[in-house]
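Since the structure comes first, as structure tokens, the remarks are kept for the end.
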Amino acid sequence: MSAPSAARQRLLAKLDWQFIRGSSGIMMGITLARILGFSFSFLLARTLAPDAFGSVQYTITLATLVAILTVPFAEQVMPWFLSHYRDDAEKQVAAISSGAVLLGVLTLVSLGIATLVLALVGRLSLPVLVIFGGITLFNTYSGLGRGFLASGRLLIAYVASNALQLIAVIVALLLLGEDATVAVLLIYGLSYVLPITLLQIARPFPLRFSIRAVRWEMIREFLRYSVPVWLSHTLFTVTFALDILMIERFHGEASVGIYSLTKTIVMGFSFVSQGIAMLLMPKVAAVNQSDGRRIFYSGLALTLGVNLAALIPFALIYPWFMQTLVGAEYYLGMSFALLMAASGIIYSVHAIVTAYLLGRKLPALETTSRLIILVTMVISGSLLIPPLGALGAAWSAVISASVGVLSYPVILILWRIMRGGREKRRD
């Protein structure tokens, strides 16, 4: 056997094929949901002027910033505890009960802070608060689906809410035309409610809430795990929103609309990593380190393979799609498009590594990487977005994503050196 063939066989042997098959099913479901979600953006871009479309995207961005506390707790912290205590019924009830109380407090705190801050800057609106509620609800259901390893129900909720959203938006656009902006935003926020309610009635998660089961020590454990996750999510959300905020600041809402449509399209490169990460984190949390590595290699191989293959049809179809189906004003050239696609692929690799580290209960490493990404985005965005607009934002995204991925091995080496030093001092 030749050396390349032997190396290939060793690589294939490291992969967890059962995990790959399971992740592929989730990936296809997420792809369908995202196609429906993209159809939402496509219809808006076709119907609304770029500044109105930009206003919709800007409002959604503000709502994601409001949900900085609730989303990571519901989607990342809760599923880890549910999965970790799956063989201990008493602790799982305590986790559900304590987590529900803490999530309620976080929701109220978020609403209070958001109302005050947005009112001061003149951006307070009902759609922002409604979308915040919808995002929190969906991510809570997503966290339960991940924690109970019930990906099927989660995908049904995801697809159904996007389908309902699309149908309602079509009706709103037909009735109201360019005056449908507020209605579209309310639909976006409320579309999750009906599917999740029906699913919870038909096939409820085994939630056993008891006020007597709320434990202060469990809440402290939640908070200890949550702090680095909150920091990481805050850094991620601010980084993800920063290009939109900076483009709006320097170039206006029309530029936001033009840039946001391509940003939405290249989110397709995150379909694979999102589906894999949905299973990867709780699975890694439940297995030993060796099996966790096999799952990680499998997820990384699947992510890169599918995304690199998808890059070819993207490059072929994008110019025709933007200029013919959407509008020539939304087409900024292939250099811009390929830079955006590259940033999406690189960020998908970062997402897989992050899910693995969270499963190994090392959220502080993600926090450090996110901070490096944000600092890189602030510096590169400040230098490139004012003179270059959307193209500058695309370059900034590629630079930030690349630095983020390269930061992980450096952080891991430094963390191991520091841990080794602490162990030697204890000895």
Side-chain angles (χ1 to χ4, degrees), residues 30 33 37 40 56-82 95-118 123-148 150 153-162 164-165 168 184-201 204-205 207 209 219 222-223 225-227 229-238 240-241 274 277-278 281 358:
I30 287 177
F40 164 86
V56 170
Q57 297 299 319
Y58 188 79
T59 301
I60 293 172
T61 300
L62 288 179
T64 62
L65 292 172
V66 176
I68 274 177
L69 291 178
T70 57
V71 165
F73 181 82
E75 191 176 40
Q76 297 184 44
V77 178
M78 281 296 292
W80 191 92
F81 281 86
L82 292 176
I96 292 170
S97 304
S98 303
V101 170
L102 190 50
L103 180 59
V105 172
L106 293 173
T107 301
L108 292 176
V109 169
S110 298
L111 284 171
I113 294 174
T115 300
L116 176 62
V117 173
L118 292 176
R123 291 287 184 173
L124 181 62
S125 66
L126 178 62
V128 171
L129 301 181
V130 170
I131 294 171
F132 158 73
I135 292 173
T136 299
L137 173 65
F138 176 76
N139 283 278
T140 300
Y141 193 83
S142 174
L144 294 173
R146 297 173 72 191
F148 288 115
R153 272 172 277 180
L154 174 55
L155 288 177
I156 291 172
Y158 200 9
V159 173
S161 59
N162 277 274
L164 181 62
Q165 180 185 101
V184 163
L185 289 167
L186 294 176
I187 289 167
Y188 184 90
L190 296 171
S191 59
Y192 302 107
V193 176
L194 181 60
I196 289 175
T197 301
L198 293 177
L199 276 169
Q200 194 58 14
I201 292 172
F205 287 120
L207 300 176
F209 176 85
I219 291 177
F222 269 120
L223 292 173
Y225 186 87
S226 297
V227 169
V229 175
W230 276 325
L231 288 173
S232 298
H233 181 79
T234 299
L235 294 169
F236 167 77
T237 304
V238 172
F240 188 79
Q274 185 178 357
M278 196 177 294
M281 190 274 282
L358 289 174

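- A tilted orientation is assigned to the rings of Phe236 and His233, their planes being inclined by 30° to 60°.
- Taking every heavy atom of both residues into account, Val71 and Ile135 meet most closely at CG2-CG2, 3.4 Å.
- Of all heavy-atom pairs spanning Ser110 and Val66, the tightest one is CB-O, 3.8 Å.
- Leu102 CG to Thr70 OG1: the interatomic distance, rounded to the nearest 0.5 Å, is 11.5 Å.
- Note: Thr234 OG1 to Leu65 CG = 9.5 Å, rounded to the nearest 0.5 Å.
- Atom CG of Leu194 and atom CG of Leu199 lie 9.5 Å apart (nearest 0.5 Å).
- Looking only at side-chain heavy atoms (C-beta outward), Val128 and Leu124 stay at 4.5 Å or farther from each other.
- Relative orientation of the Tyr141 and Phe205 rings is tilted, given thresholds of 30° and 60° on the angle between their planes.
- By the 4.5 Å heavy-atom criterion applied to side chains, Leu62 and Arg123 are counted as neighbours.
- Closest approach of Gly134 to Tyr192, counting heavy atoms only: O-CD1, 3.4 Å.
- Looking only at side-chain heavy atoms (C-beta outward), Val77 and Trp230 stay at 4.5 Å or farther from each other.
- Of the inter-residue distances, the one linking Ile68 atom CD1 with Leu231 atom CG reads 10.5 Å to the nearest 0.5 angstrom.
- Side-chain contact between Phe40 and Asn162: absent, with no pair of heavy atoms (C-beta onward) separated by less than 4.5 Å.
- With rounding to the nearest 0.5 Å, the separation of CZ in Phe138 from OG in Ser191 is 9.5 Å.
- The two atoms that bring Ile131 and Leu185 nearest to each other are CG1-O, 3.6 Å, heavy atoms only.
- The backbone N or O of Tyr158 sits less than 3.5 Å from a side-chain atom of Ser161, completing a donor-acceptor pair.
- Interatomic distance, CZ of Phe240 versus OG1 of Thr64, reported as 7.5 Å (0.5 Å rounding).
- When all heavy atoms are compared, the tightest approach of Met78 to Ile96 is CE-CA, 4.3 Å.
- Side-chain contact check for Phe73 versus Asn139: every heavy-atom pair is 4.5 Å or farther apart.
- Nearest heavy atoms, Pro79 versus Ala74: CD-O, 3.4 Å.
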